[in-house]
Amino acid sequence: MGFSNIALTIAGSDSGGGAGIQADLKTFAFHCVHGTSAITCITAQNTLGVNQVKKINSDLIKAQIEAIVTDINIKAVKTGMLFDEEIIIAVSQQIKQWKLSQLVVDPVMVSRTGVKLIDEGAIASLKTNLIPQALIVTPNRYEAQILSNLSIFSLEDMKKAAQIIYNLGAKFVLIKGGGMKDNLQGVDVWFDGKNCEVLTTETIKTKHTHGTGCTLSAAITANLALGKDPFIAVKQAKDYVTNALKYSLEIGKGTGPVGHFFPLLKP
Ligand SMILES: Nc1ncnc2c1ncn2[C@@H]1O[C@H](COP(=O)(O)OP(=O)(O)OP(=O)(O)O)[C@@H](O)[C@H]1O
Ligand SMILES: Cc1ncc(COP(=O)(O)O)c(N)n1
């Protein structure tokens, strides 16, 4: 029988396996969703930081997407690290050309370890070419500040930023609270164009948070590929990340990754 729960991630490779394509494919697999991938950049990265970044030629990025979509029926797509304007334009064109719907845009800008993962000059293109095609855009605090031109310190600021980012053209906005202070760390804001919904989980005390954003957007994408409604997809994805943080992995000498094995580890 045909299998139709299939998702695509267009993102960078993290050699340490905590974020990027590696986190996305693990997340898809733990949702019983077949993962396909188009790699945009290779990073030499571990729990301590990003040592090198090399972008993939945009023709090869297009060829990866084309190879997938001309053969396999993709139900939902996410983008992660896109690095520069040339890649953003190439990916945006492919999404339009192949009419890829159910698009989750994770506007990755810096790594957890503080390294820039996007050219400053590419942010305008992210706003005009890619975000308007998104079903859901998922900025963290830092990214939301850049996209909205607001300083974000409180829940009210998160709500205001969500409304500004909504006006860039995404159908739904989810502002993630991982970069907020103390009790706002597990608090995200969802905006559907009319109402703001505050999504709250307990704050998990762990230093091993590498890959939370990638994992969240991949889990949302997986849930969309499974046919779930966007808001349900987000709520269930948040539960997945909360568990992944609870079972995060103390590996390496720095910030370890969130763990995906909890469904197997739980009694
Ligand atoms: N300590 C925490 N406790 C509970 N939830 C958290 C915590 N840190 C992050 N989260 C949740 O994890 C998800 C990802 O948010 P975050 O703001 O960390 O994304 P991000 O900065 O893009 O992640 P990363 O860049 O590390 O991949 C959100 O749902 C957020 O609420
Ligand atoms: C290839 C790639 N994509 C995304 C991130 C962001 O994840 P984090 O903020 O956890 O470092 C990353 N570090 N590397």
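Remember, it's 1-based here, ligands and their atoms both numbered in the order they're listed.
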K.L.:
Between Glu86 and Ser58, is the side chain to side chain donor-acceptor pair (under 3.5 Å) condition met? List the steps.
P.N.:
CA-CA 7 Å; Glu86 188 194 344; Ser58 60; 2.7 Å; yes
K.L.:
Do me a favour and list the nearest non-hydrogen protein atom to atom 21 (O) of ligand 1 with residue, atom name and distance?
P.N.:
Asn140 ND2, 2.9 Å
K.L.:
I need the nearest protein heavy-atom contact for atom 25 (O) of ligand 1: residue, atom name and distance, please.
P.N.:
Arg112 NH2, 4.1 Å
K.L.:
So does Lys235 have more than 12 non-hydrogen atoms from other groups sitting under 6.0 Å from NZ?
P.N.:
no
K.L.:
With no hydrogens and no angle check, is any side-chain donor or acceptor of Thr201 less than 3.5 Å from a backbone partner on Gly186?
P.N.:
yes
K.L.:
When you look at Phe261 and Leu249, which way does the side-chain contact (heavy atoms from CB on, under 4.5 Å) test go after all the steps?
P.N.:
CA-CA 10 Å; Phe261 306 135; Leu249 307 179; 4.2 Å; yes
K.L.:
Atom 5 (N) of ligand 1: which of Val108, Leu245, Val189, Val258 has the nearest heavy atom?
P.N.:
Leu245
K.L.:
Record the part of Lys238 in heavy-atom contact with ligand 1 below 4.0 Å; permitted values are side chain, backbone, both and neither.
P.N.:
side chain
K.L.:
Is a donor from one side chain sitting under 3.5 angstrom from an acceptor on the other, for Lys78 and Thr9?
P.N.:
no
K.L.:
Run through ligand 2 for me and note each protein residue having a heavy atom under 4.0 Å from it, chain first, then residue number.
P.N.:
Gly12, Ser13, Ala19, Gly20, Gln45, Met81, Val108, Val110, Ser111, Arg112, Leu117, His210, Gly211, Cys214
K.L.:
Do the side-chain N and O atoms of Tyr247 and His260 include a donor-acceptor pair separated by under 3.5 angstrom?
P.N.:
no
K.L.:
Considering only the protein, which heavy-atom contact is closest to atom 12 (O) of ligand 1, and what is its distance?
P.N.:
Val241 CG1, 3.5 Å
K.L.:
Are Val189 and Leu216 in one and the same hydrophobic cluster, where Ile, Leu, Val, Met, Phe, Trp and Tyr link if side-chain heavy atoms are under 4.5 Å apart?
P.N.:
no
K.L.:
State which residues pass salt bridge (charged side-chain N to carboxylate O under 4.0 Å, His left out) with Asp157; sequence neighbours excluded, sorted by chain then number.
P.N.:
none
K.L.:
Return yes if some donor-acceptor pair links the side-chain N/O of Asp188 with the main-chain N/O of Gly177 below 3.5 Å, else return no.
P.N.:
yes
K.L.:
Can you list the atoms of ligand 1 that are under 4.0 Å from a heavy atom of Thr209?
P.N.:
26 (O)
K.L.:
Taking the inter-plane angle between the rings of Phe172 and Trp190 on a 0 to 90° scale, is it parallel (under 30°), tilted (30 to 60°) or perpendicular (over 60°)?
P.N.:
parallel
K.L.:
Take a 6.0 Å sphere around NZ of Lys127 and say whether it holds more than 12 heavy atoms from other residues, nucleotides or ligands.
P.N.:
yes
K.L.:
Please list the nearest protein heavy atom to atom 1 (N) of ligand 1 with its residue and the distance rounded to 0.1 Å.
P.N.:
Ile204 O, 3.0 Å
K.L.:
With heavy atoms of Cys214 as the reference, note each atom of ligand 1 found under 4.0 Å away.
P.N.:
27 (O)
K.L.:
Going by the atom numbers of ligand 1, which of them fall below 4.0 Å from some non-hydrogen atom of Gly179?
P.N.:
17 (O)
K.L.:
Quick check on contacts: which atoms of ligand 1 are under 4.0 angstrom from a heavy atom of Gly211?
P.N.:
26 (O), 27 (O)
K.L.:
Is a donor from one side chain sitting under 3.5 angstrom from an acceptor on the other, for Thr47 and Thr255?
P.N.:
no
K.L.:
Just checking Asn167: does its CG atom have more than 12 heavy atoms from other residues, nucleotides or ligands closer to it than 6.0 angstrom?
P.N.:
yes
K.L.:
Got the closest protein heavy atom to atom 15 (O) of ligand 1, with its distance?
P.N.:
Lys176 CB, 3.5 Å
K.L.:
Heavy atom to atom 18 (O) of ligand 1, shortest distance: which of Leu174, Thr212, Thr242, Thr203 holds it?
P.N.:
Thr212
K.L.:
Which residue owns the protein heavy atom closest to atom 27 (O) of ligand 1, what's the atom, and how far is it?
P.N.:
Gly213 N, 2.8 Å
K.L.:
If you take the nearest heavy atom of each of Glu143, Gln185, Lys205, Lys207, which one is closest to atom 11 (C) of ligand 1?
P.N.:
Gln185
K.L.:
Examine ligand 1 and decide if any of its atoms is less than 4.0 Å from a heavy atom belonging to Ala19.
P.N.:
no
K.L.:
Measure the CD1-NZ distance between Ile61 and Lys55 for me, rounded to the nearest 0.5 Å.
P.N.:
7.5 Å
K.L.:
Where is the nearest protein heavy atom to atom 29 (O) of ligand 1: which residue, which atom, and how far?
P.N.:
Asp188 OD2, 2.5 Å
K.L.:
What protein heavy atom sits nearest atom 4 (C) of ligand 1, and how far off is it?
P.N.:
Glu202 O, 3.3 Å
